[in-house]
Amino acid sequence: MAWTKYQLFLAGLMLTTGSINTLSAKWADMFSAPGCHGNPDHSFSHPFVQAVGMFLGELSCLVVFYILLCHDRRKPEPTVDPGQSFNPLLFLPPAVCDMLGTSIMYVALNMTSASSFQMLRGAVIIFTGLLSVAFLGRRLQPSQWIGILVTILGLVVVGLADFVNGHGNEHKLSEVITGDLLIIMAQIIVAVQMVLEEKFVYKHNVHPLKAVGTEGFFGFVILSLLLIPMYFIHVGSFADNPRQVLEDALDAFCQIGHKPLILLALLGNTVSIAFFNFAGISVTKEISATTRMVLDSLRTLVIWVVSLALGWEVFHGLQILGFIILLVGTALYNGLHKPLMAKLPCCPGEQRAEEGEAPERERLIGGGKAANES
């Protein structure tokens with residue numbers, strides 16, 4: 001069946017805002033500006049400030065939810081299901097995981113390229129699959145295990161491309177390797193977040209926008225408060241700011257004051273994550289979770305192409321090979337091969353056997369937000 005104009009708009013919105021989200025974060029990292037107290041030009045390296053901005057974007061989803069709900073209640077026949085009442089503290093553990101995972105990924109983005117950052121986030125299906133078996137009692141199909149193995153192979157190839165090329169002179173090889181490892185480590189935390197949401201949150205029939213917004217509220221409040229002690233925690237050369245503290249929010253504001261374009265990059269990150277979450281949820285509802293996964297994979301390609309066009313990185317054949325392998329692994333894990341298999345006369349039984357678990361699998365992997373989405 002052909003897509004409607006609205007479905008095409010949603011797909012385009014998700015692909016565009018998802019790509020802008022990563023690219024704007026990397027763009028902010030590439031700026032240099034003077035800091036406070038006459039400090040000379042230095043790079044804008046403030047991952048925790050960027051993470052706060054991202055959570056502000058998620059928090060806006062909560063505002064959008066209540067606006068939609070109020071508008072819907074004025075209709076003779078309301079159509080928006082507000083979901084059942086629930087204890088908001090249910091979202092605290094996933095929000096803490098979200099905060100940790102997002103912060104680590106923004107630290108890593110300072111050390112590696114935008115395309116490698118996006119590709120290595122594909123590792124989330126490995127840890128989500130394993131944790132869903134261990135804690136949710138889910139049984140993975142053979143094609144999913146193969147998808148996990150193929151994904152591991154793809155990660156090795158992408159990591160090898162970074163090791164061999166080192167992204168030119170923009171980053172030291174040690175920084176690139178550290179950044180790649182941090183991204184993969186962050187995916188473990190993201191997988192824990194998805195499993196927690198599946199086990200404790202989704203059974204309460206919470207509206208997706210409300211779920212994203214509530215997690216954004218906790219993440220925004222907690223991380224904003226943590227910026228205070230981070231201002232006094234010295235971490236030496238690990239921090240790329242003049243005071244060598246974990247996060248110098250005042251220095252970030254001074255740099256923004258000296259170079260307002262940084263604010264534009266940060267606003268791009270904040271606004272895009274809000275629209276990306278809305279578009280992702282709408283794509284799942286209006287089209288399918290499978291389509292959402294395909295679009296999420298395509299934005300990796302968009303980010304890589306734009307980074308090449310802007311001269312942020314150079315072409316590496318191994319990276320393309322790694323992306324293709326990761327794409328195959330993701331497709332196998334999420335059952336995108338099944339329509340092709342269904343056309344073969346020898347495989348209808350396997351198709352029916354996997355159909356029962358497909359909705360749950362799609363909800364687990366496709367229902368997670370962006371940051372997992374960031």
Side-chain angles (χ1 to χ4, degrees), residues 15-33 41-47 50-51 54 102 104-124 151 153-187 240 259 261-262 264-266 268-269 272-273 276 295-330 370-374:
L15 186 60
T16 303
T17 55
S19 302
I20 290 174
N21 184 248
T22 299
L23 291 169
S24 60
K26 186 61 181 177
W27 186 34
D29 293 341
M30 298 175 71
F31 281 107
S32 291
D41 275 22
H42 55 279
S43 61
F44 186 83
S45 180
H46 298 284
Q50 285 181 289
M54 193 215 70
T102 299
I104 291 172
M105 282 190 282
Y106 277 128
V107 170
L109 188 56
N110 272 290
M111 301 178 177
T112 190
S113 69
S115 59
S116 291
F117 169 82
Q118 194 65 37
M119 290 180 194
L120 291 172
R121 290 175 67 181
V124 69
T151 300
L153 176 61
L155 294 173
V156 170
V157 174
V158 172
L160 184 61
D162 287 348
F163 180 79
V164 170
N165 299 289
H167 297 297
N169 297 320
E170 183 186 349
H171 301 286
K172 296 177 182 177
L173 180 59
S174 59
E175 287 184 345
V176 172
I177 294 173
T178 303
D180 289 354
L181 291 175
L182 284 174
I183 294 167
I184 294 174
M185 184 175 75
Q187 302 319 301
D240 192 15
K259 187 161 286 189
L261 270 179
I262 298 175
L264 179 62
L266 296 179
N269 184 259
S272 64
I273 194 65
F276 176 66
L295 292 171
D296 202 45
S297 299
L298 283 177
R299 76 181 175 120
T300 303
L301 181 61
V302 172
I303 290 167
W304 181 75
V305 170
V306 172
S307 297
L308 285 177
L310 294 174
W312 292 359
E313 50 188 284
V314 295
F315 178 83
H316 301 307
L318 267 180
Q319 204 175 35
I320 280 292
L321 177 62
F323 170 68
I324 293 171
I325 295 172
L326 286 171
L327 202 60
V328 171
T330 303
N372 313 345
E373 352 262 310
S374 1

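Nothing here was measured: the structure is a model prediction, and the numbers come from that model.
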Exercise for the section: Kindly write out the residues that satisfy side-chain contact (heavy atoms from CB on, under 4.5 Å) with Leu308, not counting sequence neighbours, or none if the list is empty. Expected result: Trp304, Glu313, Phe315
Exercise for the section: Not counting sequence neighbours, which residues clear side chain to side chain donor-acceptor pair (under 3.5 Å) with Thr17? List them please. Expected result: none
Practice task
Under the side chain to side chain donor-acceptor pair (under 3.5 Å) rule, collect the residues that match up with Ser43, sequence neighbours excluded.
Solution key: Asp240
Problem - Test ring pair (Phe, Tyr, Trp, His ring centres under 6.0 Å) applied to Phe44 - qualifying residues, sequence neighbours left out - result: His46
Practice task
Return the minimal non-hydrogen interatomic distance between Gly18 and Arg299, and the atom names on each side.
Solution key: O-NH1, 2.8 Å
Practice task
Not counting sequence neighbours, which residues clear side-chain contact (heavy atoms from CB on, under 4.5 Å) with Ile104? List them please.
Solution key: Leu182, Met185, Ala186, Ile189
Problem - Whether Asn110 side chain and Tyr106 backbone form a donor-acceptor pair below 3.5 Å - result: yes
Practice task
Look up atom CZ in Phe117 and atom OG1 in Thr112, then write down how far apart they are to the nearest 0.5 Å.
Solution key: 9.5 Å
Handout entry: Distance-minimising heavy-atom pair for Ile20 and Gly268
Key = CG2-O, 4.1 Å
Exercise for the section: Could you check if a side-chain atom of Gln187 sits within less than 4.5 angstrom of a side-chain atom of Ile183, using non-hydrogen atoms only? Expected result: yes
Practice task
Starting at CD1 of Ile324, measure out to CG of Leu327 and round the result to the nearest 0.5 Å.
Solution key: 8.0 Å
Practice task
Supply the atom-to-atom distance Leu318 CG to Phe163 CZ, rounded to the nearest 0.5 angstrom.
Solution key: 12.5 Å
Practice task
Mind checking the OG1-CG spacing from Thr102 to Leu109? Nearest 0.5 Å is all I need.
Solution key: 12.0 Å
Practice task
Test side-chain hydrogen bond (donor to acceptor under 3.5 Å, both in side chains) on Ser115 and Gln319 and set out the steps.
Solution key: CA-CA 9 Å; Ser115 59; Gln319 204 175 35; 3.0 Å; yes
Handout entry: Results of side-chain contact (heavy atoms from CB on, under 4.5 Å) for Ala114 - residues two or more places apart only
Key = Thr22, Lys26, Ile303, Ser307
Handout entry: Shortest non-hydrogen contact from Val158 toward Leu120
Key = CG1-CD2, 3.9 Å
Handout entry: Heavy-atom side-chain proximity of Trp27 to Leu261 below 4.5 angstrom
Key = yes
Practice task
Using a 4.5 Å cut-off on heavy atoms from C-beta on, say whether the side chain of Leu301 contacts that of Val305.
Solution key: yes
Problem - Sequence-distant partners of Ile325, side-chain contact (heavy atoms from CB on, under 4.5 Å), two or more places apart - result: Val150, Leu153, Val157, Leu321
Exercise for the section: Identify the heavy atoms of Asp41 and Ser32 that sit nearest to each other, and give their distance. Expected result: OD2-O, 4.3 Å
Practice task
Indicate the atoms forming the closest heavy-atom contact of Asp180 with Ser116, along with that distance.
Solution key: OD1-CB, 4.5 Å
Handout entry: Any donor-acceptor pair under 3.5 Å from Asp162 side chain to Val176 backbone
Key = no
Problem - Ser272 OG to Asn21 CG distance, which is reported to the nearest 0.5 Å - result: 4.0 Å
Fill in the blank from the handout: Closest non-hydrogen contact found for Met119 with Leu326 is O-CD1, 3.4 Å
Fill in the blank from the handout: The reported gap from OG in Ser45 to CD in Gln50 (rounded to nearest 0.5 angstrom) is 8.5 Å
